[in-house]
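Below is one structure, written out as structure tokens, with a few remarks after it.
Owing to the predicted nature of the structure, the values given are computational and were not obtained by experimental measurement. Counting starts at 1 for both ligands and their atoms, following the listed order. When reading the values below, keep in mind they use all heavy atoms of this one structure, side chains included, and skip hydrogens, waters and symmetry mates.
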Amino acid sequence: MSSPCVSSIIGTGSYMPEKILTNEELSKIVDTSDEWITTRTGIKERRIAADNQATSDLATAAALRAMESAGVKPEDIDLIVVATVTPDMPFPSTACFVQKNIGASNAVCFDISAACSGFLYALQVARNFLNAGTRSTALVIGAEKLSTLVNWTDRNTCVLFGDGAGAVVIRAVDSATEAPGRVLSTIMGSDGNLVNLLRVPGGGSACPITAENIDSRLNTIHMEGKETFKHAVTRMCQASEKALEMAGLTKEDISLVIPHQANARIITAIADRLDLPHEKAFMNVDKYGNTSAATIPVALDEANRQGRLKRGDIVLLVAFGGGFTWASSVIRW
Ligand code: COA
């Protein structure tokens, strides 16, 4: 290529497990109701992976669909980045399992841990490889089996989360061409002072798995919901504005916002603060709940397959998650 490289999304895919867990069913497990969950979160149901499905299985199914939509073969893929907080194992990386499953023998593979911002972090990392010209075609995947981290006795958290996977194929293209799906900008941020507000305290080196720790449910998601909510809205709005500015665009240019799907109230608050009509904010949190790193690639794939993305549309992706971490990316479809 004569001109510098830029990165373009050339295919999307997603996979959601078959099993649906409704609010009604949850209300038989913990003291909650469909009415409470719907009004506070917008969630109606979520998907739960089968016992024999690991995160890499969900990731593989999403990846194959993205590759089919991009028209690429396994040997074309030279980079696989999986964003997840529910890897199959501490190591090897989930990305290596995906590589084995799809036969992408030319790929370099690793995982990224940035909680619900993970997919956009992974997109930026992959984009840096592509723009530098060191890799040409990447699979970027967000995949989670959060049902394994949920405390099914805690009504404050168990109603919020679900399992699923989404993927994109991105390719290095000549900057002089008008390739569709071009990633125009990405910004990322983190604030490690707030690590305690959203975390899984046990299961790592700080608090290894012991019978006592499991009895105390330290291996499950702990969250300060109200604080998390406030930071999520503030950071996602700031990140959106910065990513737009970096792309040389304004709010008026946005055709569709694809925000992290954690809570419908967070999504409408972001749309309001960005002065966008609510119909410009994509929402599927009602069907899937919060699938962490998977929400944005799953929503992007659904928007794509529903025909909501037209060539030339400006699409704003924005995420927030544990860490805290946040990120936003602007794409010209
Ligand atoms: N069913 C019924 N009642 C519930 C409940 C449930 N599933 N979960 C909590 N409650 C109760 C609480 O115990 C509390 O009762 P109390 O007033 O008697 O103490 C009451 O409902 C209100 O709880 P509160 O925490 O004030 O609710 P909220 O309006 O803040 O909504 C969340 C709670 C978790 C839905 C909301 O804070 C949220 O979405 N936070 C951000 C979550 C998020 O985005 N996480 C991931 C970021 S990546």
message: Checking a contact table here: which protein heavy atom is nearest atom 39 (O) of ligand 1, and how many Å away?
response: Asn263 ND2, 2.7 Å
message: Below 4.0 Å from ligand 1: does a non-hydrogen atom of Gly321 turn up there or not?
response: yes
statement: Of all protein heavy atoms, the one nearest atom 30 (O) of ligand 1 is Lys226 NZ, 3.2 Å
task: Could you tell me whether His231 and Phe324 have their ring centroids closer than 6.0 angstrom?
output: yes
- request: Give the residue and atom name of whichever protein heavy atom lies nearest to atom 22 (C) of ligand 1, and the separation in Å to one decimal.
  value: Arg40 NH1, 3.5 Å
- request: Evaluate salt bridge (Lys or Arg N to Asp or Glu O under 4.0 Å) for Asp163 paired with Lys19, printing each intermediate quantity in order.
  value: CA-CA 10 Å; Asp163 302 335; Lys19 184 178 159 40; over 6 Å; no
query: Any side-chain heavy atom of Pro297 within less than 4.5 Å of one from Val140?
result: no
message: Are any of the N/O atoms on Ser33, whether in the backbone or the side chain, positioned under 3.5 angstrom from an N/O atom of ligand 1?
response: no
task: Could you find the nearest protein heavy atom to atom 10 (N) of ligand 1 and give me its residue, atom name and distance?
output: Trp36 CZ2, 3.4 Å
query: CD of Glu25: more than 12 outside heavy atoms within 6.0 angstrom?
result: yes
task: Test salt bridge (Lys or Arg N to Asp or Glu O under 4.0 Å) on Glu302 and Arg308 and set out the steps.
output: CA-CA 9 Å; Glu302 289 200 345; Arg308 287 186 68 177; over 6 Å; no
- request: Could you find the nearest protein heavy atom to atom 13 (O) of ligand 1 and give me its residue, atom name and distance?
  value: Arg155 NH2, 3.0 Å
task: Around atom 45 (N) of ligand 1, find the nearest protein heavy atom and jot down its residue, atom name and distance.
output: Met223 SD, 3.2 Å
- prompt: Between Phe129 and Phe110, what is the ring plane arrangement, given parallel below 30°, perpendicular above 60°, and tilted in between?
  reply: tilted
- line: Going by the 4.0 angstrom heavy-atom rule, the piece of Val159 near ligand 1 is side chain
- prompt: Which is closest to atom 37 (O) of ligand 1 by heavy-atom distance: Gly322, Gly225, Cys116?
  reply: Gly225
- prompt: Considering only heavy atoms of Phe229, which atoms of ligand 1 have at least one such atom less than 4.0 Å away?
  reply: 38 (C), 39 (O), 40 (N), 41 (C)
- request: If you have a sec, work out which protein heavy atom is nearest atom 47 (C) of ligand 1 and how many Å separate them, to one decimal?
  value: Thr228 CG2, 3.7 Å
message: Pairs of nitrogen or oxygen atoms closer than 3.5 Å, one from Asn290 and one from ligand 1: do any exist?
response: no
- line: Looking only at non-hydrogen atoms, the one of Ser117, Ala264, Ala262, Ala115 nearest atom 44 (O) of ligand 1 is Ala262
